[in-house]
Structure formats: C-alpha cells, structure tokens
Amino acid sequence: FEYILIDTPPSLGALSMNAMAAAKDGIIVISNLDMMSVRGISTFIETADTVKRLVPGHRGVIGIMFSLYVDRRVVDRTIDDWAKEFYPIPTFTTHIPESSSFKKANSSLVLASQIDKKVRAAFENLADEIIYAVENPNEPIGSAKNRGVDK
C-alpha cells in the first residue's frame with residue numbers, strides 16, 4: 001500500500017496513542033465544528049507533539065480537517081476562521097459536509113460517497129490534499145498555503 005489511514009476513536013487512550021506513533025508520515029486531526037470539539041484539538045496537538053519527540057523521524061500533525069461542515073452556517077464559518085487564526089497547525093481547505101447520506105449509507109451498508117455527489121467530491125478533494133501534504137512535507141498546505149505562510 002502507498003497510503004494507510006488509521007481511524008481511531010476520539011480519545012487519547014492506548015489505541016490512539018499507538019496509532020499516532022505508527023503514523024510517522026503525519027497525523028490528521030479531525031474535528032466537528034462545535035466549540036468543545038475544537039477546544040480539544042489543543043490537547044491532541046500537545047499529545048502528538050510528545051509522540052513526535054519520542055519517535056525518531058515522526059512528522060507530527062500535518063493538518064486539521066473539519067467534518068459535519070455546513071458552509072451557510074455562520075457558526076461553522078466562524079469556528080473555521082478562528083481555528084485558522086489561532087492554531088499553529090494549518091487546516092485543510094476541504095471540509096466534509098454534513099449530510100443525511102451518512103445515516104442512509106450506514107443503514108444500507110454502502111459508503112456515503114456512493115449515494116451523495118457532494119460527499120464524494122469532498123472526500124476526493126481531501127484525498128488530493130492529504131497526498132500533497134504527505135508527498136511535499138516542506139510545502140504549506142490548506143490554510144497556510146492560502147495565507148502564504150510557510151509550514
């Protein structure tokens with residue numbers, strides 16, 4: 001495999017810590033756009049920085065990705081802008097949209113991207129961003145690229 005994604009529960013337990021240590025090419029922080037989730041990103045980044053110091057050659061966190069995003073919701077845009085300004089880690093440009101397709105897909109045993117074009121496009125765009133970030137470790141990504149800031 002060229003790429004392996006390890007999805008873990010939203011906790012800092014043993015499973016997540018082991019997955020972080022194994023993800024030497026980079027960690028992606030995934031968060032919903034509610035303030036409690038977004039505030040938890042700081043703790044996650046601190047833990048990932050510790051893992052980076054302990055594991056030789058580890059890249060650490062490469063970016064933050066927001067899910068359940070609705071671009072017409074002011075609070076989602078506000079939190080996204082806040083994260084771009086205050087976190088030292090860039091946010092990916094792509095957001096995974098909130099969609100009822102996720103529940104439909106779960107009950108039908110298919111992928112949401114198979115029944116929702118907008119969701120499929122978002123995952124394809126995110127995959128492109130992740131591949132770019134992994135293959136170009138010295139290049140800025142997402143919000144850092146848009147601001148012209150070096151990583």
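What you are looking at is a predicted structure, and each value in this text was computed from that prediction instead of being measured. Side chains are part of it too, since the values below use all heavy atoms of this structure and drop only hydrogens, waters and symmetry mates.
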Hydrophobic cluster mates of Leu15, side-chain heavy atoms under 4.5 angstrom, ILVMFWY only, any path?
none

For residues 115-132, which residue pairs qualify under salt bridge (Lys or Arg N to Asp or Glu O under 4.0 Å), counting only residues two or more places apart or in two chains?
none

Among all residues two or more places apart in sequence or in another chain, which pass the side-chain contact (heavy atoms from CB on, under 4.5 Å) test with Ile28?
Ile30, Ile62, Met65, Phe92, Ile130

Can you sort out the partners of His58 under side chain to side chain donor-acceptor pair (under 3.5 Å), two or more places apart, ordered by chain and number?
none

For Ser108, side chain to side chain donor-acceptor pair (under 3.5 Å) partners two or more places apart:
none

What salt bridge (Lys or Arg N to Asp or Glu O under 4.0 Å) pairs are there with at least one residue in residues 66-78, not counting sequence neighbours?
Arg73-Asp76, Arg73-Glu98

Between the main-chain N or O of Pro56 and the side-chain N or O of Lys24, is there a donor-acceptor pair closer than 3.5 Å?
yes

If we only count heavy atoms from C-beta on, is the Val29 to Ile89 side-chain gap below 4.5 Å?
no

Does a side-chain heavy-atom distance below 4.5 Å link Val70 with Pro97?
no

Distance from Asp80 atom CG to Thr93 atom OG1, nearest 0.5 Å?
9.5 Å

Measure the spacing between NZ of Lys84 and CZ of Phe66 and express it to the nearest 0.5 Å.
8.5 Å

Do Val61 and Leu12 sit in the same hydrophobic cluster, where Ile, Leu, Val, Met, Phe, Trp and Tyr count as joined when their side-chain heavy atoms come under 4.5 Å apart?
yes

Give me the atom names and distance for the closest heavy-atom approach of Arg59 to Asn136.
NH2-O, 4.4 Å

For Arg53, which residues count as a side chain to side chain donor-acceptor pair (under 3.5 Å) partner, sequence neighbours excluded?
Thr50

Tell me every residue that passes ring-ring contact (aromatic ring centres under 6.0 Å, His included) with Tyr69, counting only those two or more places apart in sequence or in another chain.
His95

Tell me, please, which residues at least two apart from Phe86 pass ring-ring contact (aromatic ring centres under 6.0 Å, His included).
Trp82

For Ala112, give me all partners under side-chain contact (heavy atoms from CB on, under 4.5 Å), at least two apart in sequence or on another chain.
Ser101, Phe102, Ala105, Val119

Compile the donor-acceptor pairs under 3.5 Å between side chains in residues 35-45 and protein atoms, sequence neighbours left out, one pair per line.
unit_1: Ser37; atom_1: OG; unit_2: Asp34; atom_2: OD1; d: 3.0
unit_1: Ser37; atom_1: OG; unit_2: Asp34; atom_2: OD2; d: 3.0

In Å, rounded to the nearest 0.5 Å, how long is the span from CG of Asn32 to CG of Leu68?
4.5 Å

Test side chain to side chain donor-acceptor pair (under 3.5 Å) applied to Thr8 - qualifying residues, sequence neighbours left out
Ser16

Check the pair Val55, Met20 against side chain to side chain contact (heavy atoms under 4.5 Å, CB included), reporting the backbone distance first and the verdict last.
CA-CA 10 Å; Val55 178; Met20 276 194 246; over 6 Å; no

Considering all heavy atoms, the nearest Ile141-Pro90 contact:
O-CB, 3.6 Å

Same cluster for Leu5 and Ile96 if Ile/Leu/Val/Met/Phe/Trp/Tyr side chains link at under 4.5 Å?
no

To the nearest 0.5 angstrom, please state how far the CD1 atom of Ile27 sits from the CD1 atom of Ile64.
12.0 Å

